[in-house]
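Please read the structure below before turning to the comments.
The basis for the numbers below is simple: all heavy atoms, side chains too, and nothing from hydrogens, waters or symmetry mates.
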Amino acid sequence: MAMRQTPLTCSGHTRPVVDLAFSGIASTGYFLISACKDGKPMLRNGDTGDWIGTFLGHKGAVWGATLNTDATKAATAAADFTAKVWDAVSGDEVLTLAHKHIVKSVNFTKDSNNLLTAGNDKLLRIYDLSCPEEAPQEIAGHTSAIKKALWCNDDKQILSAADDKTVRLWDRTSMEVVKTLTFDSSVSSMEYMADGEIVVITYGKTIAFYNALSLDPIKNVEASASINSASLHPDKEFFVAAGEDFKLYKFDYSSQEELESYKGHFGPVHCVRFSPDGELYASGSEDGTLRLWQTAVGKTYGLWKCVLPEELGAENSELLCPQVPEIKA
């Protein structure tokens with residue numbers, strides 16, 4: 001029987017969605033934050049896409065957003081030369097961290113005590129959130145704007161990707177480069193999988209996988225279109241990728257075979273991430289929407305309800321997962 005992918009569409013943003021991140025699985029479930037050029041990052045239930053709230057305070061496009069593991073804190077990076085830390089439960093702004101240029105990336109340590117920021121001033125900054133009045137540690141070395149910076153290897157090291165066509169691994173204590181990867185085009189995205197110590201890097205049409213401890217290559221996969229983002233399933237069974245042709249692609253991680261492709265967005269897809277339980281993946285697009293997609297199409301999960309043909313009548317030969325209404329802010 002045929003099955004068709006029916007994504008949940010999360011509307012509410014008014015401009016392109018450029019970054020998104022899931023929390024870990026907390027006692028109340030897991031959550032999803034989105035960064036958008038409208039300057040209003042949004043928090044949603046991760047499994048349903050239901051809008052919870054909007055963080056108000058930035059005066060420019062928000063380029064990066066993240067949640068800590070238990071979804072009690074959020075952080076955002078913006079074009080107003082600030083990074084902000086928020087109470088994700090109340091929605092209140094906790095801190096504003098002034099920078100000298102556009103901020104593109106924010107990332108918490110596992111204990112949520114430190115925040116890593118990076119952006120167009122080419123510097124990595126480490127803030128001690130218990131002493132926010134103190135000057136941050138600064139790490140220099142990139143020669144162009146930094147797109148993404150992530151803690152890795154139990155927060156002992158940092159990964160950074162920049163427009164200088166490099167990804168660099170830094171030692172937190174010495175603040176020196178451990179290793180540098182150089183590419184033939186700018187890196188469009190980077191994801192760190194802590195459980196498998198794997199880094200997923202996209203550039204051009206390539207989805208590349210590296211060992212996070214050594215930055216030794218594991219495998220490369222070539223897509224049929226320019227890729228803006230990719231994400232590896234928590235169990236490392238699949239990975240998804242998306243980019244300029246509006247489509248989402250799902251690949252088998254072991255065989256690298258393309259399993260499925262879906263077109264749901266009406267503009268290039270800027271970001272895609274698997275949920276922490278691996279049941280779905282979220283995408284954010286130039287069209288101003290987020291969409292949630294099932295990893296196993298046809299499974300009853302979240303707002304998806306599987307309806308079998310015998311429940312609909314003999315004339316139906318498909319396994320249907322009917323689309324629910326748009327999830328609006």
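For K250, the salt bridge (Lys or Arg N to Asp or Glu O under 4.0 Å) partners two or more places apart in sequence, or in a different chain, are E260. Looking at residues two or more places apart in sequence or on another chain, you find a side chain to side chain donor-acceptor pair (under 3.5 Å) between D121 and R125.
A salt bridge between K147 and D19 is absent, with no side-chain N of the basic residue lying under 4.0 Å from a carboxylate O of the acidic one. Taking the charged nitrogens against the carboxylate oxygens, D80 and K84 have no contact shorter than 4.0 Å, which rules out a salt bridge.
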field: Verdict with supporting geometry, D163 and K104, side-chain contact (heavy atoms from CB on, under 4.5 Å)
entry: CA-CA 12 Å; D163 284 336; K104 289 288 185 71; 5.6 Å; no

side-chain contact (heavy atoms from CB on, under 4.5 Å) assessment of V297 paired with Y262: CA-CA 12 Å; V297 180; Y262 301 108; 3.6 Å; yes

query: Can you list the steps and then say if K205 with D245 is a salt bridge (Lys or Arg N to Asp or Glu O under 4.0 Å)?
result: CA-CA 11 Å; K205 296 182 179 181; D245 66 353; over 6 Å; no

message: Run the side chain to side chain donor-acceptor pair (under 3.5 Å) test on N68 and D70 for me, step by step, so that the C-alpha distance in whole Å, both residues' side-chain angles and the decisive distance to 0.1 Å come before the verdict.
response: CA-CA 6 Å; N68 66 346; D70 62 5; 3.1 Å; yes

message: Test side-chain contact (heavy atoms from CB on, under 4.5 Å) on L150 and V199; report intermediate values, then the result.
response: CA-CA 10 Å; L150 302 170; V199 185; over 6 Å; no

- request: Would you sort out whether S231 and Y281 count as a side-chain contact (heavy atoms from CB on, under 4.5 Å), showing the intermediate values?
  value: CA-CA 9 Å; S231 184; Y281 45 99; over 6 Å; no

query: Run the side chain to side chain donor-acceptor pair (under 3.5 Å) check on T6 and W304 step by step: do they pass?
result: CA-CA 9 Å; T6 306; W304 288 282; 5.9 Å; no

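Using a distance-only test at 3.5 Å, with no hydrogens or angles considered, no donor-acceptor pair links the side chain of T143 to the main chain of D164. A donor-acceptor pair under 3.5 Å links the side-chain atoms of W151 to the main chain of N107, judged by distance alone. A donor-acceptor contact shorter than 3.5 Å is absent between the side chain of S105 and the backbone of T117. Between the side chain of N211 and the backbone N or O of S214, at least one donor-acceptor pair lies under 3.5 Å. A donor-acceptor pair is defined here as one N or O able to donate and one able to accept, closer than 3.5 Å; such a pair exists between the side chain of D38 and the backbone of T14. Remark: the backbone N or O of T202 is paired with a side-chain donor or acceptor of S188 at under 3.5 angstrom. No donor-acceptor pair closer than 3.5 Å links the side chain of E191 to the backbone N or O of R273. Remark: the backbone N or O of K299 is paired with a side-chain donor or acceptor of Q294 at under 3.5 angstrom. Not one N or O on the side chain of D277 forms a donor-acceptor pair closer than 3.5 Å with the backbone of I25. The closest donor-acceptor contact from the side chain of S185 to the backbone of Y203 lies at 3.5 Å or more, if one exists at all.
In this structure, the separation between NE2 on H13 and NZ on K40 is 10.5 Å, given to the nearest 0.5 Å. In this structure, CE in M175 is found 10.5 Å from CG in L124, a value given to the nearest 0.5 Å. Distance check, rounded to the nearest 0.5 Å: CG of L8 to OG1 of T289 gives 11.5 Å. One distance of note links CG of L95 with CH2 of W86; it measures 11.0 Å at 0.5 Å rounding. Rounded to the nearest 0.5 angstrom, D87 CG and T72 OG1 are separated by 7.5 Å. Atoms CD1 and CZ, on I52 and F31 in that order, are 5.0 Å from each other to the nearest 0.5 Å.
Using a 4.5 Å cut-off on side-chain heavy atoms (C-beta onward), L290 and L32 make contact. Residues V178 and L215 are not in side-chain contact: their nearest non-hydrogen atoms beyond the backbone lie 4.5 Å or more apart. Side-chain contact between E279 and D47 is absent, with no heavy atoms from C-beta onward closer than 4.5 Å. With a 4.5 Å cut-off on side-chain heavy atoms, L303 and L292 do not count as touching. With a 4.5 Å cut-off on side-chain heavy atoms, E133 and C131 count as touching. At least one side-chain heavy atom of L248 sits under 4.5 Å from a side-chain heavy atom of H265. By the 4.5 Å heavy-atom criterion applied to side chains, K110 and T69 are not counted as neighbours. You'll find the side chain of R168 stays beyond 4.5 Å of the side chain of I146, heavy atoms only.
Residue S261 comes nearest to Y249 through the heavy atom pair CB-CD2, 3.6 Å, listed as atom of the first residue, atom of the second, then distance. Here the closest non-hydrogen pair linking F251 and A241 is CE1-CB, 4.5 Å. Here the closest heavy-atom approach between residue H58 and residue A78 is recorded as ND1-CB, 3.2 Å. Shown here for G267 and S285, the closest heavy-atom pair between the two residues is O-OG, 3.2 Å. Of all the heavy atoms in F22 and F274, the pair that sits closest is CD1-O, 3.2 Å. Heavy atoms only, all atoms of each residue included: W63 and V103 are closest at CB-O, 3.8 Å.
Taking a 6.0 Å sphere around NZ of K179, one finds it holds more than 12 heavy atoms contributed by other residues, nucleotides or ligands. Surrounding NZ of K73 are more than 12 heavy atoms belonging to other residues, nucleotides or ligands, all under 6.0 Å away. The local environment of NZ in K263 is sparse, with at most 12 non-hydrogen atoms from other residues, nucleotides or ligands closer than 6.0 Å.
Grouping the Ile, Leu, Val, Met, Phe, Trp and Tyr side chains by contacts below 4.5 angstrom, directly or via other members, places M190 with L181. Under the 4.5 Å side-chain contact rule for hydrophobic residues, F108 and I33 do not share a cluster. Using a 4.5 Å cut-off between side-chain heavy atoms of Ile, Leu, Val, Met, Phe, Trp and Tyr, with links allowed through other members, V200 and V240 fall into different hydrophobic clusters.
Relative ring orientation between F209 and Y253 is described as perpendicular, the plane-to-plane angle rising above 60° on a 0-90° scale split at 30° and 60°.
For F81 and H101, the ring centers are positioned less than 6.0 Å apart.
Checked options L123, I158, D171; the residue passing with I139 is I158 (criterion: side chain to side chain contact (heavy atoms under 4.5 Å, CB included)).
Remark: K148 fails to qualify as a cation-pi partner of Y192 under the 6.0 Å distance and 45° angle criteria applied to the six-membered ring.
Judged purely by distance below 3.5 Å, without hydrogens or angles, the side chains of N228 and E244 pair a donor atom with an acceptor atom. Between the side chains of T295 and H233, no donor-acceptor pair of N or O atoms lies under 3.5 Å.
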